[in-house]
Amino acid sequence: MPERWRLLADIGGTNIRFGLAREAQPVDTPIEIANLKSWPCDDFDDFGAALRAYLAHLDDSVQLTSAAIAAAGPVTPDSITLTNRDWTITAAGLRSMIAAQIETRLLNDLEAVAYALPFLQADAIEWWDERRPPSPPAGRRIAVNVGTGFGSAAVLKTGDGWTCCPAESGHMQLGAANAQERAVLEGFGAENLTVEDVLSGEGACRLRQSIAGGHAQSTSQGVAPFDFAATDPTTAKARAVFSTILARTAGNLALASAAWDGVYLCGSVALAWAQHADRDAFRRAFAGTSKMRDRLAQTPLGLIRHPLPALVGLANIRTA
């Protein structure tokens, strides 16, 4: 008998990752992800070409009975259009390539990561300090991604399951909190900066350029990636400003979603930054000075170390 599998796909601005999860697993059984494949998005003209390449690797024993697809972009019930790439993924297109009756679920990439939060094992999270979320998982948590772009999504317990509240927080307007930040952000040369303009891989590079006194160019113009490990004074200042803005933004997102049971940072830029961040200073900036500072000071802060959290979330959600 052919084995019944769910197709998983996580499409970011840079890479696309595929996997499979067995259907109808026993409750409370950790779901393993099989047949992992990862490619640069630049290898393909569109999502259909990437999917065809993945399907070609599967043998005849694999019967796809559902599909859960996450991508970095706004989602409608029937499609996802990537923000940083000219790709559109549709449920109808999936069914035409796989099976007419296949159950499909389309999600924002951070929505998928948020769904993973209750299911990630302890060794997949590096906690900022001694504060920890409740066990068993309960309440409300939020995933905050810093990578090619910026995004967030909250997940909350509802009955015997979980419900996700995705957001397009990377496109929120970003303001300066003091004269120093105002001077740095003015170097970006834009009147209406968004969070993603600063809190992203390219944003970190442009932040350093602005602090160095130059015009903040995009990385597409040959600018080298930001080196968070560098110890020169300009990089150190840029790292500190980046940390403060990230902490304030994460704190505001926690307030907006009442995510008192945990704020989880993830993404390639977040992982690189965290190795060299001043964690005590980040915690202070995260808590801020508002009337809710004591609540924020007690909110657990974690860093997701799992290499494929979106696929974990996709494997655990209901598709129908």
Side-chain angles (χ1 to χ4, degrees), residues 5-21 33-60 62-116 145-151 153 164 166-168 170-171 194 196 200-202 218-221 225 266-269 307-315 317 319-320:
W5 295 88
R6 173 181 296 179
L7 171 71
L8 314 173
D10 172 31
I11 307 103
T14 304
N15 297 304
I16 181 167
R17 303 171 182 87
F18 288 100
L20 298 177
I33 300 170
N35 290 81
L36 286 168
K37 287 286 182 182
S38 177
W39 291 290
C41 291
D42 285 343
D43 287 358
F44 306 100
D45 291 333
D46 54 31
F47 173 73
L51 178 57
R52 284 189 291 272
Y54 181 70
L55 295 177
H57 285 276
L58 304 181
D59 60 43
D60 294 338
V62 174
Q63 178 184 346
L64 298 177
T65 53
S66 67
I69 311 297
V75 181
T76 72
D78 300 311
S79 68
I80 313 173
T81 299
L82 271 71
T83 301
N84 296 314
R85 188 165 292 272
D86 188 22
W87 288 12
T88 297
I89 302 158
T90 66
L94 280 170
R95 289 191 288 269
S96 70
M97 295 182 65
I98 301 172
Q101 302 303 316
I102 194 170
E103 296 178 351
T104 61
R105 181 80 179 268
L106 304 179
L107 302 90
N108 175 268
D109 58 338
L110 258 293
E111 189 177 4
V113 173
Y115 272 118
N145 177 83
V146 191
T148 304
F150 182 97
C164 184
E168 288 293 342
H171 304 288
T194 68
E196 186 171 281
S200 61
E202 180 173 306
S218 70
T219 52
S220 63
Q221 296 172 284
C266 59
S268 58
V269 174
L308 300 168
L311 295 188
V312 173
L314 293 172
I317 63 168
T319 54

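No hydrogens, no waters, no symmetry mates; every other heavy atom, side chains included, goes into these values. Computed from a prediction, not measured in an experiment: that's the story for all the values here.
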Can you tell me how far the CD atom of Glu111 sits from the CG atom of Leu314, to the nearest 0.5 Å? 9.5 Å
Kindly give the heavy-atom pair with the smallest separation between Val312 and Ile33, and that separation in Å. N-CD1, 3.7 Å
Just by modelled atom types, is the Thr104 backbone N or O under 3.5 Å from a matching donor or acceptor in the Arg95 side chain? no
Rounded to the nearest 0.5 Å, the OG1 atom of Thr76 sits from the CG atom of Leu106 at a distance of 7.5 Å
Residue pair Ser79 / Thr90, side-chain donor-acceptor N/O under 3.5 Å: no
Could you give the distance from OG1 (Thr148) to CD (Glu196), rounded to the nearest 0.5 Å? 9.0 Å
Could you go through Phe47 and Cys41, starting from their C-alpha distance and side-chain angles, then the distance that decides it, and tell me whether this counts as side chain to side chain contact (heavy atoms under 4.5 Å, CB included)? CA-CA 9 Å; Phe47 173 73; Cys41 291; over 6 Å; no
Could you state the interatomic distance from CG (Leu8) to CZ (Arg17), rounded to the nearest 0.5 Å? 13.0 Å
Take Leu55 and Leu64 through the test side chain to side chain contact (heavy atoms under 4.5 Å, CB included) and record every step on the way to the result. CA-CA 10 Å; Leu55 295 177; Leu64 298 177; 3.7 Å; yes
Could you tell me which residues satisfy ring-ring contact (aromatic ring centres under 6.0 Å, His included) with Phe18, sequence neighbours excluded, listed by chain and number? Tyr54
Please report the interatomic distance CG(Asn84) to OG(Ser200), rounded to the nearest 0.5 Å. 9.0 Å
Residue pair Ala310 / Ala112: nearest heavy atoms and the distance that separates them: O-CB, 3.7 Å
What heavy-atom pair brings Leu82 and Ala71 nearest, and what distance separates the two atoms? CD1-CB, 3.7 Å
Check salt bridge (charged side-chain N to carboxylate O under 4.0 Å, His left out) between Asp86 and all other residues, then give those that pass, not counting sequence neighbours. none
Run the salt bridge (charged side-chain N to carboxylate O under 4.0 Å, His left out) check on Arg85 and Asp42 step by step: do they pass? CA-CA 10 Å; Arg85 188 165 292 272; Asp42 285 343; 3.0 Å; yes
For the SG atom of Cys164 and the CD1 atom of Ile317, what is their distance to the nearest 0.5 Å? 9.0 Å
Residue pair Asp109, Ile11: steps toward the side chain to side chain contact (heavy atoms under 4.5 Å, CB included) verdict: CA-CA 7 Å; Asp109 58 338; Ile11 307 103; over 6 Å; no
Counting N and O atoms only, with roles assigned by atom type, does the side chain of Asn108 sit under 3.5 Å from a partner on the main chain of Gly73, one being a donor and the other an acceptor? yes
Side chains of Arg6 and Ile102: does their closest heavy-atom pair fall under 4.5 Å? no
